[in-house]
Amino acid sequence: MGTGILSKLLHPLNAASARVTDWDVAFLNPSMVGIPDTKRGLIILNQPFSRNLLEMLWTTCSWRCCADGGANHLFDLLKKDEQGDLRSQYTPDLIKGDLDSLRVDVREYYSAKGVPVIQDHNEDSTDLMKCVHILQEKEKAEGQEYEVIILGGLAGRLDQTVHTLSYLYKLRRMRGKVFVVTDDNVSWVLDEGKHRIHIDHDTLGPTCGLLPIGVDSTLLTTTGLRWNLDAAESSFDGLVSTSNHLLPEEPFVAIQTSRPIWWCVELRQHR
């Protein structure tokens, strides 16, 4: 274990280790939304998702964008039923990507609804990156930053999952809070330093993980977990804290890490 890593984690004068970053997932509990009033943007990727999860995230976000084939999943999920034409109730603000996946019928439907369909041929960026870029333009015009909620991205093809992991790892240096949500998990990157995560036990748990993805190793110290770590070295060559558990009596999980890591926590399925 290198002394440089250890001192970076534990030295009391280190600015990164002195600052504590607070996190919550209020967007997964609509009853909590609005206190404080946080602007959120939803990016729907080209992967399946449930109607329950869509309704929850749609309610808590004020800007919604489909990344190319994500519009196909939105369209197919919201078929007419006893509640009427649900598609008209869930109209995205725009659709953007290289449009190699967007079906003709889906494009025609949303275009008729006045939804901008923007084709971007830039081969150096993925559909997810294209959608984040257009949100950044909106943020610049409004003078405020949004929390980003990505629906999908951690299931299906492995290469696409790795892209999501890699891209959010890079985004941590450029913007604030970015979350990835599937029907099973919510995940995000914790940068080096100290973090305090508010746990809504009605929404989250019981399982969670601290994943040293994108780093050779990190030192982890935690409280609030069933199996806590005390300056433990974590790496793919050694310890990886998967299938850890939240403690129902603990309202917070505290994590200190010497390098960026991925935090993931299970979503309860009674929604």
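These values consider heavy atoms only, across backbone and side chains, with no hydrogens, waters or symmetry-generated copies.
Other residues, nucleotides and ligands contribute only 12 or fewer heavy atoms inside 6.0 Å of the CD atom of Glu123. The environment of NE2 in His245 is crowded: more than 12 heavy-atom neighbours from other residues, nucleotides or ligands sit within 6.0 Å. Within 6.0 Å of the CG atom in Asp237, the count of heavy atoms belonging to other residues, nucleotides or ligands does not exceed 12.
Between Trp23 and Phe179, the two ring planes are perpendicular [angle over 60°; tilted spans 30° to 60°].
Between Lys138 and Asp93, no side-chain nitrogen of the basic residue sits less than 4.0 Å from a carboxylate oxygen of the acidic one, so the salt-bridge criterion is not met. The residues Glu147 and Lys177 are annotated as not salt-bridged, no charged nitrogen and carboxylate oxygen being separated by less than 4.0 angstrom. Taking a cutoff of 4.0 Å between a charged side-chain nitrogen and a carboxylate oxygen, Arg259 and Asp216 qualify as a salt bridge.
Pairing each heavy atom of Glu250 with each of Ile199, the nearest pair is O-CB, 4.3 Å. The heavy-atom pair separating Ile149 from Val181 by the smallest distance is CG2-CG2, 3.9 Å. Between Ala71 and Tyr110 the shortest heavy-atom distance is O-CE1, 4.0 Å. A pairwise comparison of heavy atoms in Leu28 and Met56 identifies O-SD, 2.8 Å as the closest pair.
Although no hydrogens or angles enter the test, the distance criterion places a donor-acceptor pair under 3.5 Å between the side chain of Asp68 and the main chain of Leu99. Of the possible polar contacts, one joining the Glu139 side chain to the Tyr146 backbone as a donor-acceptor pair under 3.5 Å is found. Proximity of a side-chain donor or acceptor of Asp127 to a complementary backbone N or O of Lys96 within less than 3.5 Å is not detected. The closest donor-acceptor contact from the side chain of Thr222 to the backbone of Leu229 lies under 3.5 Å. Within the 3.5 Å criterion, the main-chain N or O of Thr203 finds no donor-acceptor partner in the side chain of Arg268. Under the 3.5 Å distance criterion, the side-chain polar atoms of Lys130 are matched with a main-chain donor or acceptor of Ser125. The backbone N or O of Ser258 sits less than 3.5 Å from a side-chain atom of Thr218, completing a donor-acceptor pair. In terms of modelled atom types and a separation under 3.5 Å, the side chain of Ser111 and the main chain of Arg107 share a donor-acceptor contact. Judged by distance alone, the side chain of Asn185 and the main-chain N or O of Thr182 form no donor-acceptor pair under 3.5 Å.
The one candidate from Asp200, Asp202, Asp24 that meets the side-chain hydrogen bond (donor to acceptor under 3.5 Å, both in side chains) condition with Asn29 is Asp200. The side-chain contact (heavy atoms from CB on, under 4.5 Å) with Trp63 is formed by just one residue from the set Leu42, Val148, Leu94; it is Leu94.
Separating the OG atom in Ser101 from the CG atom in Asn46 is a distance of 5.0 Å, to the nearest 0.5 Å. The CD1 atom of Ile44 sits 10.0 Å away from atom SG of Cys131, with the distance rounded to the nearest 0.5 Å. Interatomic distance, Gln47 CD to Thr164 OG1, rounded to the nearest 0.5 Å: 7.0 Å. Taken from CG in Leu165 to CD1 in Ile213, the straight-line distance is 4.5 Å, to the nearest 0.5 Å.
Side-chain polar atoms of Ser243 and Thr207 form no donor-acceptor pair below 3.5 angstrom. If you check the side chains of Thr126 and His163, you find a donor sitting under 3.5 Å from an acceptor.
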Take Trp188 and Arg172 through the side-chain contact (heavy atoms from CB on, under 4.5 Å) test and state the conclusion after the steps.
CA-CA 9 Å; Trp188 64 91; Arg172 81 187 196 283; over 6 Å; no

Trace of the side-chain contact (heavy atoms from CB on, under 4.5 Å) decision for Thr242 with Leu211
CA-CA 7 Å; Thr242 61; Leu211 311 179; 3.8 Å; yes

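The same ILVMFWY cluster, assembled from side-chain heavy atoms under 4.5 Å apart, contains both Leu204 and Phe49. Cluster membership check: Phe27 shares its hydrophobic cluster with Val253, using side-chain heavy-atom separations under 4.5 Å among Ile, Leu, Val, Met, Phe, Trp and Tyr.
Remark: Phe75 engages Tyr109 in a ring-ring contact (aromatic ring centres under 6.0 Å, His included) (not counting sequence neighbours). Residues satisfying the ring-ring contact (aromatic ring centres under 6.0 Å, His included) test with Trp262, not counting sequence neighbours, are none.
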